[in-house]
Amino acid sequence: MNKRNNIRAFINCNIIDGKFEKDKDTVRKGTILVETADGKGKIKFVGNKDEVSIPNNCKIVDLKDKYVLPGLINAHAHLFGDGSPTSPEQLKRTPDENLEYMKSSLGKHLIKETMKKNAMAALHAGVTTFRSVGDPFYYDIEVKNEIKNSPEVGPTMLCAGPMICITGGHGYKFISQAIDSPWEGRKKVREHIYNGTDLIKIANTGGVTDSKKIGEAGRAQMTYDEIAAICDEAHRAGYLVASHCQSTKGLKEALRAGVDTIEHGAEMDDEVISLFKHNPRSLRGYSSLAPTFLTIYYILGLSTKYTKLTDIQFANGKIIEKRMSSGFKTALKNGIRTALGTDAAMPYVTHYGTWKELKLHVRDGGTTNRQAIMHATKSNSEILGIDKEVGTLESGKYADFIVVDGDPIENLNYLGSPYMVVKNGQIVKKTDDYIIPEIENMIKKLDKEM
Ligand SMILES: [Zn+2]
């Protein structure tokens with residue numbers, strides 16, 4: 001309340017505003033004016049320096065001809081893990097023992113510490129907004145509130161709380177809570193909303209990392225009636241539903257039932273394509289695809305000795321990789337809205353490595369660098385329903401941006417180590433504290449081959 005309004009001018013930069021409207025992407029000799037009131041910094045002006053006069057007494061930050069672009073958004077992350085493979089202690093526990101551990105005060109404390117660290121690691125790497133799509137209990141929401149109430153600036157977090165699955169389904173007794181009928185589904189949605197989630201995440205098919213049989217990843221688990229009840233209940237309250245979904249059958253059931261974002265994805269036929277583009281049961285009349293390539297890249301690129309996955313999980317990973325890239329290519333060809341997410345927390349997928357997913361959109365989907373940047377910024381903001389606040393650099397939106405040494409449209413590697421991260425108009429203190437050397441050593445070679 002006592003913080004007075006103040007204006008800061010970021011000058012002398014090349015601005016990629018993220019609107020991607022014309023061929024002319026970059027504003028040369030740019031200036032960004034940011035007005036901060038009560039800790040919230042909003043963009044007051046963005047454009048060429050000749051179009052604005054810098055107010056007196058305003059703080060000036062000279063960006064030395066570097067490049068500015070909107071802060072990255074990660075549409076698919078989990079906070080519970082930092083990318084380290086499952087520890088030997090955890091591997092020894094039964095699912096029930098693990099649940100007990102996560103519920104214990106020590107377990108909860110340690111998990112929440114990791115979650116907080118991961119959120120800040122993302123921010124320091126330029127991820128100014130992310131969506132956590134499945135974490136134990138409601139710890140993600142607790143962490144979000146603790147970060148919000150701390151004096152240090154934190155990322156914007158959209159939290160799903162625990163994923164909703166069926167008994168024995170994907171994430172069961174870990175990051176998911178089970179329902180076994182449409183009405184149980186409705187009740188779980190009501191509980192989630194009561195507990196402060198920002199969206200609903202379900203698993204309508206099986207997944208790779210807890211599969212015990214070949215073919216389990218992508219097997220349709222939740223029934224159409226259960227998915228439809230969950231979507232209806234969520235949409236009544238204005239909440240979006242995201243679904244972990246890795247087969248064509250799963251896609252059909254999820255989309256027909258009204259799921260808003262398909263996470264990961266699979267091969268699409270004509271019905272699936274048309275449901276994505278026009279989905280009468282979805283919240284906004286269309287659905288979007290959020291593939292996650294980084295996870296599968298490391299799972300398939302590293303030996304199971306290092307990922308701590310079983311041979312069956314590795315084999316399922318191979319199946320899913322094919323499906324996911326097929327789905328992504330079809331989506332791009334048919335103008336289906338596409339998000340960008342990493343599945344951070346999976347083996348070797350760090351929260352500070354989000355930028356690498358952009359390289360995989362280029363590699364696996366054949367997008368341009370420009371399009372990959374758009375997926376991570378503007379498209380993500382629209383798909384997540386936060387495009388009035390973030391996603392592009394425009395007057396009236398939050399001043400969330402990153403400053404990098406060279407033109408990321410020319411070379412995405414510039415995103416790997418931002419010169420500066422600005423969140424809500426505040427400059428985030430630069431640190432390498434979040435880098436995990438054990439992980440970096442293991443993936444060095446794979447990262448070079450991207
Ligand atoms: Zn996930």
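Order of appearance sets the numbers: ligands from 1, and atoms from 1 within every ligand.
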Original post:
Looking only at side chains, do Thr354 and Glu357 share a donor and an acceptor under 3.5 Å apart?
Top reply: no
Subject >> Metal check, the Zn ion (ligand 1) vs His76 N/O/S, cut-off below 2.8 Å >> reply: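 Checking the Zn ion (ligand 1) against His76, an N, O or S atom does fall under 2.8 Å.
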Subject >> Test item: Asp343 side-chain N/O and Thr295 main-chain N/O as donor-acceptor pair under 3.5 Å >> reply: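 Here the side-chain-to-backbone pair does not exist.
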**OP:** Taking the Zn ion (ligand 1) as the reference point, name the nearest N/O/S atom of Asp343.
**Re:**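 So the atom name we want here is OD1.
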Original post:
For the Zn ion (ligand 1), which N, O or S atom of His78 is at the shortest distance?
Top reply: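 Of all N, O or S atoms in His78, the Zn ion (ligand 1) lies closest to NE2.
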Original post:
Parallel, tilted or perpendicular for Tyr434 and His124, by the 30°/60° rule?
Top reply: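 Ring orientation, 0 to 90° scale: tilted.
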Original post:
Is the closest side-chain heavy-atom distance between Thr205 and Arg219 below 4.5 Å?
Top reply: no
